[in-house]
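Data block below; observations after.
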Amino acid sequence: MLLDPQADNRWLTEAGGAGMAGKVLSAADRDAFAGMVRPTADPRFGDYQSNCAMPIAKLCGKPPRQVAQAIIDVLDWEGLCHPPEIAGPGFINLRLRDDFLATVMAEMLGDDSLGVEPADEPRTILIDYSSPNVAKPMHVGHIRSTVIGDALARTFRYLGHRVITDNHLGDWGTQFGMVIYGFKHFGDEVALAAGPVDELSRLYRLVNRLIAYHAAVADHPGAVTATAAATEVVARAEAAVSAATDAKAKRSAEKELAAAVRKQAAARQRAEALQATVAAAQADPDFLRQAVAHPGIADAVLLETAKLHSHDPENRALWERFLPHCRDEIDRVYRRLDIRFDHTLGESFYHDRLGDVVQRLRDAGLATDSEGAVCVFLPEFDSPMIVQKKDGAYLYATTDLATLFYRREEFRPDEILYVVDSRQGEHFQKLFAAAARLGFQGLRLEHVQFGTVLGEDGRPFKTRSGTSVGLESLLDEAVAKALEIVCDPQRVARSDGGMDEAERQQVAHAVGHGAIKYADLAHHRTSDYRFELDKMVALEGNTSAYVQYAYARARGIMLKGGMAPEAIAASAQPPVLGVPAERSLALTLARFGESLQQVRADNAPNFLVDYLYDAAKAYAVFNDQCPVLKADSPEIAASRMVLVALTARVLETGLGLLGIRVVPRM
RNA sequence: GCACCCCUAGCUCAAUUGGAUAGAGCAUCGGUCUACGGAACCGAAGGUUAGAGGUUCGAAUCCUCUGGGGUGUACCA
């Protein structure tokens, strides 16, 4: 924050005279109250406000405005602010001095990290994100974890923390059993040699479909029965509604009817979906033949998985043969998205440690046998955390515990963030509860959860056939839309010199990929959001293209003025903030660091997105109202050029922390 | 059944963790300027923050209840 009220809060101690009835505040209170300085909601109230007078007044039994007066009497921020004003019930309004703000501008421009001070107490933060299952194509569901985790990692590093990123790959699960089974029965060596990734994903999809088919055949009659039963319940509920005599009974009967109708619809929908799966299979003779030939495929797949886990040489060899291709496949997507990890320790890495974990849990008295499985019962949960199945196999709770032990040993982190979707909330609660009983109290564990990506219909984003949407096809689509915009003939005609194909592609990639990342990060991570590609790549509104364009405009002015950004930075003097658009832009730029603190406090990158959009808007106003190259005097031109250069730096750096690139013109 | 999350402008979303008159964007309507790069800027309209109580100087935010939606819930991850 521009003002650092917590660094030196003598002003709260010294205010303890008459106004505060001699009340002495504890150090913790002082820190908390000093921290109650924040930006104002409305510029009429100045730039910042302190809200601490009201709660202090309650503590010492004095009128809040009197307390506020006592505080401002001793407040010594003359170099930074105009004299504070007391407003309303006891708000203290602060307005920064223009000369101070101007000094901040020059300092930021001359500083490699834009005036953001490294953290006082750097923490070692391990971030676990992305974690796709290999051997399955990456889909839309992987966007959030990957993009949010990457943005947090970049931002925390920028803030001076020691960040370790680890991609906890799903490289040891049932999907490999599926691929192995598929290869043994339907594999095509020639196709594998020619295009391993395509062949492996063909096998995965085929086996997946076969399993789904048999499950549908098995479950359909039950679903039909359930639908019939639900229909009966509806009929009874209808009868109850018409039989109800008084208003209260009628209302409660109607409520039950509504619930019954919903359940009926859900049951019917399920039955229809199963029916559709069966029908689609029956319309496909080749597939049906395969289905008939492999009736026990689901169990057989589990068997192949179990064999892999128990070091069966053949399956192990296949796994080792397939895995590199799967890794190549996801690495290609990461390269495209500009995502890197310090470590990629997948589930397979922990396989040999799982037995130890179960033993440690037993030794600690946490694990007990129940119904043939090894379970950890925790009093705060109804169902146990199962760490070993009755067939002896381990589960992801076991792997997560093993991972926890390893990470503590290897990386000694202060905190671990799991960027994983909300549906796994209960799993992490159990994991953390178990960890607390295993001596992990000093290590902060946090489930950084996020919501679902929805389609335009408000349902989880799926293709028409019900499968999840491939990640790469979305990226391709976004780039294609961006390219259309870049190549808009009207614009191309206007841009000086035009763009060659290479530059167009570069811009389309920056804008297309940026659009998807930006839209994801713009929403608070805990809320679900609607995936609307047209809005994401739009030039208007809160989009990456708008911010990227603001950057390009700033670069355009520097270019036209024949001034390199570095040269401007090297000779920067504090700018003159003569008109509101200049001051307002300066104030916004000065708050860059605050937005990063907000990201850190909540593990929520949307604060940085909001900030960048604000900065881009403030720059747009400045751009409109403040001529730079055609300014009235060379002095004003130079002064404004400082703001232009700093805007470009802030936007480029901020977008960079979100994993989004800029282009010098677009 | 139980547990957790959510309900904010016509639509999509914010709201610095309890602060002042709840903000943006899209869409709608109106306006500006001989374009330092117009993919611009300004304005209007739009709200009982699902509803009802409570806590206090002050509530979208905390507590209770009601309604509506989502997710999870013993051997998938």
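Model, not experiment: these values are computed from the prediction.
Contact annotation: A/R553 does not reach the phosphate of B/G37 (side-chain N/O to OP1 or OP2, under 4.0 Å). An OP1 or OP2 oxygen of B/A15 is reached within less than 4.0 angstrom by a side-chain nitrogen or oxygen of A/N606.
Every pair tested for side chain to side chain donor-acceptor pair (under 3.5 Å) that includes a residue from residues 449-460 of chain A fails, sequence neighbours excluded, so the list is empty.
A/A620 comes within 4.0 angstrom of the backbone, heavy atoms only, and of no base. Within the 4.0 angstrom heavy-atom criterion, only backbone atoms of the sugar-phosphate kind lie near A/H524; the bases stay farther away. Residue contacts for A/V621: at a heavy-atom cut-off of 4.0 Å it reaches the sugar-phosphate backbone alone, with no base atom in range. Base engagement by A/S370 is indicated by at least one non-hydrogen atom pair under 4.0 Å involving a base atom. When heavy atoms are screened at a 4.0 angstrom cut-off, A/I557 is found touching base atoms of the nucleic acid.
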Could you give the side-chain donor-acceptor pairs of residues 604-618 of chain A under 3.5 Å, partners two or more places apart or in another chain?
unit_1: A/Y611; atom_1: OH; unit_2: A/T588; atom_2: O; d: 2.7
unit_1: A/Y611; atom_1: OH; unit_2: A/L589; atom_2: O; d: 3.3
unit_1: A/Y611; atom_1: OH; unit_2: A/F592; atom_2: N; d: 3.4

Discussion item. Base contacts versus sugar-phosphate-only contacts with protein, heavy atoms under 4.0 Å: please encode nucleotides 18-28 of chain B as B, S and - from 5' to 3'.
Written reply: -BBB--SSS--

Distances for protein N/O vs nucleotides 69-73 of chain B N/O pairs under 3.5 angstrom?
unit_1: B/G69; atom_1: OP1; unit_2: A/R262; atom_2: NE; d: 3.4
unit_1: B/G69; atom_1: OP1; unit_2: A/R262; atom_2: NH1; d: 3.2
unit_1: B/G69; atom_1: OP2; unit_2: A/R262; atom_2: NE; d: 3.3
unit_1: B/G69; atom_1: OP2; unit_2: A/R262; atom_2: NH1; d: 3.1
unit_1: B/G69; atom_1: OP2; unit_2: A/R262; atom_2: NH2; d: 3.3
unit_1: B/G72; atom_1: O2'; unit_2: A/E426; atom_2: OE1; d: 3.4

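Residues that satisfy the side chain to side chain contact (heavy atoms under 4.5 Å, CB included) test with A/D42, not counting sequence neighbours, are A/R44, A/F45. Taking the side chain to side chain donor-acceptor pair (under 3.5 Å) definition, one finds that A/Q175 meets it with nothing, sequence neighbours left out. Not counting sequence neighbours, the partners of A/Q625 by the side chain to side chain contact (heavy atoms under 4.5 Å, CB included) test are A/A581, A/V621. The side chain to side chain contact (heavy atoms under 4.5 Å, CB included) check on A/E380 picks up A/L378, A/A433, A/R437, with sequence neighbours excluded. Contacts of A/F432 classified as ring pair (Phe, Tyr, Trp, His ring centres under 6.0 Å), with partners at least two apart in sequence or in another chain: A/Y418, A/F428. Residues that satisfy the side chain to side chain contact (heavy atoms under 4.5 Å, CB included) test with A/A373, not counting sequence neighbours, are A/C375, A/I386. Residues passing the ring pair (Phe, Tyr, Trp, His ring centres under 6.0 Å) test with A/H524, sequence neighbours excluded: none.
In this structure, A/D171 places its CG atom 13 Å from P of B/A77, rounding to the nearest Å.
Between the side chain of A/S131 and the base of B/A77 there is no donor-acceptor pair of N/O atoms closer than 3.5 Å.
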Response to the item:
Base-pair string, RNA chain B, Watson-Crick plus G-U, cut-off 3.5 Å on both distances, | for inter-strand, is (((((((..((((.....[...)))).(((((.......))))).....(((((..]....))))))))))))....

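The pair A/R362-A/D369 meets the salt-bridge criterion, with a side-chain N (NZ, NE, NH1 or NH2) lying under 4.0 Å from an Asp/Glu carboxylate O.
Between A/W172 and A/H309, the ring planes lie parallel to each other; the angle is under 30°, not in the 30° to 60° tilted range.
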